[in-house]
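Only one structure is covered here, and it is reproduced in the block below.
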Amino acid sequence: MEQTKREITKIAREVNKFTVQVMKEEGIGTAEFEFMHLVRHHPGITQAEVRETLKIDKGAAARRAARLEEKGYLSREPNPADRRSQLLYATEKAEQLKLSQKAIEGVFYEWLLSELTAEEKGTFCKTLDVLYLRSKKQSREGFPDVSALVAAKYKEIVNE
């Protein structure tokens with residue numbers, strides 16, 4: 001079972017490598033994409049909120065926002081609640097890039113699954129859906145069960 005746990009991570013890493021390669025060809029880096037992804041999902045977020053969420057320093061956030069705005073992926077508007085900050089919004093160009101990332105990943109997964117039978121694909125996808133829903137539920141709850149397991153494992157290692 002240990003091997004299965006690692007294989008999911010390894011596949012995700014390979015998909016990410018391929019996606020990053022294609023995204024770089026479009027002129028956008030991983031850090032910029034992560035920044036833009038957050039703004040897309042939280043329209044009107046402030047740069048300070050982005051910094052807190054992504055755990056990056058003020059300078060890095062300012063540079064990424066400026067580069068994304070310069071490339072046409074991001075727009076800034078004055079924050080009516082705080083004149084010192086601006087609200088960040090993804091542009092239509094950013095939304096199109098989002099679709100292209102999904103398409104890139106889709107092509108990779110389609111290729112990856114192409115040698116499986118329809119029955120194998122169906123079973124595999126059902127299993128993945130169960131695992132995804134379980135992990136998403138845990139994420140929304142703040143990872144209480146997994147955190148407890150990690151803490152117990154850490155305690156076990158320390159006490160050895």
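One-based numbering along the sequence shown.
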Using the salt bridge (Lys or Arg N to Asp or Glu O under 4.0 Å) rule, take E34 and R64 through it: C-alpha gap first, then chi angles, then the decisive distance, then the call.
CA-CA 10 Å; E34 182 180 32; R64 287 179 197 156; 5.2 Å; no
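- Within the 4.5 Å cutoff, side-chain heavy atoms of D145 are placed close to those of Q138.
- Panel note: side chain K71, backbone G27; a donor-acceptor pair is recorded below 3.5 Å.
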Quick one, E141 with K137, criterion salt bridge (Lys or Arg N to Asp or Glu O under 4.0 Å). Give me CA distance, side-chain angles, the key distance, then yes/no.
CA-CA 6 Å; E141 293 171 355; K137 181 178 185 288; 2.8 Å; yes
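- Nearest approach of A65 to L74, heavy atoms of both residues: O-CD2, 3.6 Å.
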Run K102 and E105 through salt bridge (Lys or Arg N to Asp or Glu O under 4.0 Å) and show every step you take.
CA-CA 5 Å; K102 186 177 180 179; E105 291 172 350; over 6 Å; no
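- Summarising the geometry, atom CG belonging to D129 is positioned 14.0 Å from atom CZ belonging to R134; distances are rounded to the nearest 0.5 Å.
- Two different hydrophobic clusters hold V20 and L68 under the rule that ILVMFWY side chains link at heavy-atom gaps under 4.5 Å.
- Atoms CZ and CG, on F33 and L38 in that order, are 11.5 Å from each other to the nearest 0.5 Å.
- In terms of modelled atom types and a separation under 3.5 Å, the side chain of Q47 and the main chain of Q86 share no donor-acceptor contact.
- The hydrophobic cluster containing L54 also contains L88, counting ILVMFWY residues as joined when their side-chain heavy atoms lie under 4.5 angstrom apart, directly or transitively.
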With salt bridge (Lys or Arg N to Asp or Glu O under 4.0 Å) as the test, would you mind laying out the steps for E70 and R67 before giving the verdict?
CA-CA 5 Å; E70 192 176 286; R67 278 195 309 264; over 6 Å; no
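- Under the 4.5 Å side-chain heavy-atom criterion for Ile, Leu, Val, Met, Phe, Trp and Tyr, F35 and Y89 are members of distinct hydrophobic clusters.
- A distance of 11.0 Å separates OG1 of T19 from CD of E14, quoted to the nearest 0.5 Å.
- Within the 3.5 Å criterion, the main-chain N or O of G29 finds a donor-acceptor partner in the side chain of E32.
- In this structure, the separation between SG on C125 and CG on L116 is 8.5 Å, given to the nearest 0.5 Å.
- Crowding of E110 atom CD: a count of heavy atoms from other residues, nucleotides or ligands under 6.0 Å not exceeding 12.
- Within a 6.0 Å radius of NZ in K93, more than 12 heavy atoms belonging to other residues, nucleotides or ligands are found.
- A distance of 12.5 Å separates OH of Y73 from CD of E95, quoted to the nearest 0.5 Å.
- Looking at every heavy atom in both residues, R40 comes nearest to A94 through NH1-O, 3.5 Å.
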Carefully, step by step, assess R76 and E69 under the rule side chain to side chain contact (heavy atoms under 4.5 Å, CB included).
CA-CA 8 Å; R76 302 186 220 201; E69 185 177 31; 2.9 Å; yes
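- Counting heavy atoms of neighbouring residues, nucleotides and ligands inside a 6.0 Å radius, atom CD of E25 exceeds 12 of them.
- Residues K121 and L113 approach most closely at CE-O, 3.0 Å, considering heavy atoms.
- Here L149 is tied to no hydrophobic group at all, with no ILVMFWY side chain closer than 4.5 Å.
- Residue Y109 is not grouped with residue V107 when hydrophobic side chains (ILVMFWY) are merged at heavy-atom distances under 4.5 angstrom, including chains of intermediate members.
- Side-chain contact of T46 with E49: a donor-acceptor pair under 3.5 Å is present, judged by distance alone.
- Cluster annotation: V22 is connected to F108 through the hydrophobic network of ILVMFWY side chains, with a link wherever side-chain heavy atoms come within less than 4.5 Å.
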Given the rule in the side chain to side chain contact (heavy atoms under 4.5 Å, CB included) test, do I104 and V15 qualify, once you have shown the distances and angles that lead to the verdict?
CA-CA 9 Å; I104 293 164; V15 171; over 6 Å; no
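- The shortest non-hydrogen separation linking G142 to S147 is O-OG, 4.3 Å.
- Contact check for R13 versus T9: side-chain heavy atoms found under the 4.5 Å cut-off.
- Judged purely by atom type and a 3.5 angstrom limit, N159 uses its side chain to pair as donor or acceptor with the backbone of K155.
- Side chain of S139 to main chain of S135: no donor-acceptor pair is present (N/O by atom type, distance under 3.5 Å, no hydrogens or angles).
- With values rounded to the nearest 0.5 angstrom, N79 atom CG is found 12.0 Å from I45 atom CD1.
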